[in-house]
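Taking it in order: structure first as structure tokens, then the write-up.
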Amino acid sequence: MRHPLVRRLAAHCGVAGLITGLITGLLTVAAPAASAADTTTDLGVTFDSYTTDLAVGGGRVFVSATDRIIVADTGGNLTSDAVTGLSGVRELAMNADATRLYAALTGSNEVAEIDTASLAVTRRIDLSAHPCPSTLALLGERLWVGHGCDNGPGGVVGLDLSAATPVPVTIGGEHLSAPVLAAAGDTLVVGRTGLHHADMLVYDIGGGTPEPRGTIDGTKWRTDYLRDLALTSDGTALFSAADGPGRFNRYDTRALAATGAYGDGWDGYPSAVALGLGGAYVAAGRQFGSTDLTLYDAATGAAMFAADKPDAELLPDGVAFSGSDVFALLRSSADRLLLWRVTGVALPASTLKVTAPARAFIGSPVTVEGRLTRADGKALGLKPLAVTRRSVEGRKDPIAGVTTRKDGTFTFQDTPPDVGEVTYQVFWDGDDYYRRSNASATVMIRHVSTLTMDGPQSGVVGTAVRLTGVLTVGGNPPPPRVTLTVQRSVYNDDGSGGSVTLPPVSVNDDGTYTFTDTPTVAGRYSYLAMWSGEATAGPAKATHQIVVE
């Protein structure tokens with residue numbers, strides 16, 4: 001159950017100045033949105049819990065789902081395999097060569113060891129003295145298990161997996177509930193959960209036995225309801241996902257202090273964090289916000305990619321890398337467990353630019369131009385593009401055969417069939433070397449308007465002249481209550497002429513109009529009638545001249 005937004009806002013405001021002062025060159029920029037290349041797979045189970053996890057390795061994705069572990073390939077496709085006969089599966093951990101998978105089983109108070117080739121449970125490690133094992137951190141042959149039932153207390157035990165029958169060794173004291181764990185290099189981090197200000201306890205494990213190094217103070221850094229942790233491979237940098245302060249914080253595990261933050265703190269509750277490609281990228285998952293997943297450059301803090309699934313909710317601890325792809329676990333509005341694959345997000349960026357005229361008339365071709373390049377501006381050569389014309393009503397029509405030239409440029413023409421706003425969406429699917437990109441351009445398609453004006457060819461000073469005309473929009477009468485602007489200009493020999501704007505002229509429902517004017521001096525009179533048009537109709541004008549004696 002999430003906490004009221006006011007609590008989150010208070011946490012954000014209280015720490016904003018503190019964290020901002022610690023950010024060393026981490027800047028957030030606008031990120032490209034996700035595209036149609038993403039895939040979402042229904043894992044075949046109804047799921048009303050927040051307790052699930054995924055592990056990726058050996059070309060497969062393993063997902064815990066209460067009484068089983070579901071298996072998919074790294075294309076996001078379900079296989080026919082599954083590990084069943086499990087009770088209350090929570091977190092998963094996979095060893096470095098992806099030959100063994102470990103699962104925390106809260107229902108049977110065990111840790112199951114699974115052979116990933118046969119998917120057979122090779123042994124069950126009894127943790128009945130440490131009930132409700134829930135969280136895992138694996139490093140070599142050392143497995144740390146966070147345990148704790150709903151009514152507590154919780155704690156951490158360590159297991160030597162090289163032993164035939166591992167004996168649980170207690171690490172530290174009691175916790176309110178099962179803590180979140182991360183282990184890498186010579187560092188183990190134990191994060192307290194279920195607390196408004198959650199400490200993160202740091203241990204040195206370089207000597208084999210965990211020795212307390214210190215505490216990253218949850219009160220000092222306003223760590224509000226901790227959800228997930230991730231460590232760099234050397235164990236020196238820690239990344240956290242917590243409700244407050246709303247950003248994803250980075251900490252130095254030696255100095256025990258915050259050294260940076262990712263995100264602006266307003267896109268939702270941070271709930272999952274993972275590191276990819278040697279720690280170069282941070283995949284950050286959020287709940288209850290406008291963005292579900294954001295990819296950050298770990299060094300600069302720049303947001304490189306953002307994606308959202310408005311009809312589903314990203315689950316805590318539910319993000320993992322698979323090469324340049326990111327997998328995330330979602331729960332749909334119908335409580336279905338989903339596997340979301342976001343492809344190529346960690347590849348170097350490409351840039352797609354699209355331009356089109358702001359307005360065009362119905363029946364006339366619209367020319368759309370653009371260019372596909374690398375982030376440094378160099379062309380990517382001949383690449384096929386997927387183009388769609390989307391109308392304001394939501395209808396989508398594909399435009400086939402659009403390909404970039406060697407210099408990255410492309411051009412195509414299209415004649416929209418209806419008036420209104422149309423958007424040309426251009427998408428490049430990416431390749432093995434560069435991340436996909438997309439861009440769009442919007443054009444307002446308007447009717448052609450025509451305006452006529454008729455009247456006498458000559459007149460006499462002091463005698464009224466009558467002028468008439470018709471306004472049509474796309475060959476039909478204009479909208480109701482249209483008015484025209486009329487300008488009168490007089491040209492004569494003594495210089496007493498000039499230009500004035502006459503009172504507005506109303507147009508009848510059938511498009512006709514009439515107005516009169518009484519000349520006061522002799523000369524050549526020129527009348528200019530103008531209509532400024534509207535969103536779906538272009539402007540129009542008409543002129544008429546009268547010689548007045």
Side-chain angles (χ1 to χ4, degrees), residues 23-35 37-39 54-57 61 74 76 94 96 182-185 189 227-242 247-253 258-265 267-268 270-286 289 291-309 314 316-329 339-351 374-376 430-438:
I23 297 175
T24 54
L26 298 185
L27 302 175
T28 300
V29 298
S35 70
D38 305 336
T39 61
L54 76 167
V56 182
V61 182
T74 49
M94 186 178 291
V189 179
R227 305 291 172 186
D228 198 12
L229 296 172
L231 275 169
T232 53
S233 59
D234 61 3
T236 60
L238 174 70
F239 299 79
S240 69
R247 298 184 176 195
F248 295 82
N249 283 354
R250 186 183 69 192
Y251 302 92
D252 186 317
T253 59
T259 56
Y262 301 80
D264 61 11
D267 285 336
S271 59
V273 63
L275 303 179
L277 297 188
Y281 302 104
V282 180
R286 292 180 173 86
T291 303
D292 286 333
L293 179 69
T294 307
L295 185 80
Y296 297 101
D297 184 297
T300 66
M304 302 174 60
F305 184 88
D308 186 65
K309 286 288 185 182
L314 190 142
D317 191 29
V319 173
F321 274 89
S322 175
S324 61
D325 298 346
V326 172
F327 282 95
L329 293 177
L339 180 63
W340 183 24
R341 176 183 177 233
V342 189
T343 60
V345 295
L347 292 172
S350 63
T351 300
R374 303 186 322 194
D376 60 5
D431 56 23
D432 293 339
Y433 306 101
Y434 292 95
R435 189 165 72 243
R436 64 189 182 276
S437 55
N438 61 86

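Computed from a prediction, not measured in an experiment: that's the story for all the values here.
- Using modelled atom types, no side-chain atom of Asn249 and backbone atom of Ala261 make a donor-acceptor pair closer than 3.5 Å.
- Ser324 and Arg435 share no side-chain donor-acceptor pair at under 3.5 Å.
- Side-chain N or O atoms of Thr232 include none that pairs as donor or acceptor with a backbone N or O of Gly279 at under 3.5 Å.
- Asp228 and Ser271 get closest at one heavy-atom pair: CB-O, 3.8 Å.
- The shortest side-chain heavy-atom distance between Phe321 and Val56 does not fall under the 4.5 Å cut-off.
- Of the possible donor and acceptor atoms, one in the side chain of Asp292 sits under 3.5 Å from a partner among the backbone N and O of Lys309.
- Nearest heavy atom pair, residue Tyr296 against residue Ala284, reads CE1-CB, 3.8 Å.
- Proximity of Tyr262 to Thr294: side-chain heavy atoms (C-beta onward) are nowhere separated by under 4.5 Å.
- The closest side-chain heavy-atom distance from Val282 to Leu295 is not below 4.5 Å.
- Of all heavy-atom pairs spanning Ala182 and Leu229, the tightest one is CB-CB, 4.0 Å.
- Closest non-hydrogen pair, Ala274 versus Ala230, comes out as CA-CB, 4.4 Å.
- Considering OG1 of Thr39 and CZ of Phe327, their distance stands at 7.0 Å, rounded to 0.5 Å.
- Residues Phe305 and Val342 are in side-chain contact: their nearest non-hydrogen atoms beyond the backbone lie under 4.5 Å apart.
- Side chains of Arg250 and Thr259: a donor on one and an acceptor on the other come within 3.5 Å.
- Arg227 places no side-chain N or O within 3.5 Å of a backbone atom of Ala272 that could act as its donor or acceptor partner.
- Across every non-hydrogen atom of Phe248 and Ala241, the tightest pair is CE2-CB, 3.7 Å.
- No side-chain heavy atom of Thr74 sits less than 4.5 Å from a side-chain heavy atom of Asp325.
- Between the side chains of Arg286 and Thr291, no donor-acceptor pair of N or O atoms lies under 3.5 Å.
- Smallest separation of non-hydrogen atoms from Gly285 and Leu314: CA-CD2, 3.9 Å.
- From Asp317, atom CG reaches atom CG of Leu329 across 9.0 Å, with rounding to the nearest 0.5 Å.
- To the nearest 0.5 Å, atom CG of residue Asp308 and atom CG of residue Leu293 are 9.5 Å apart.
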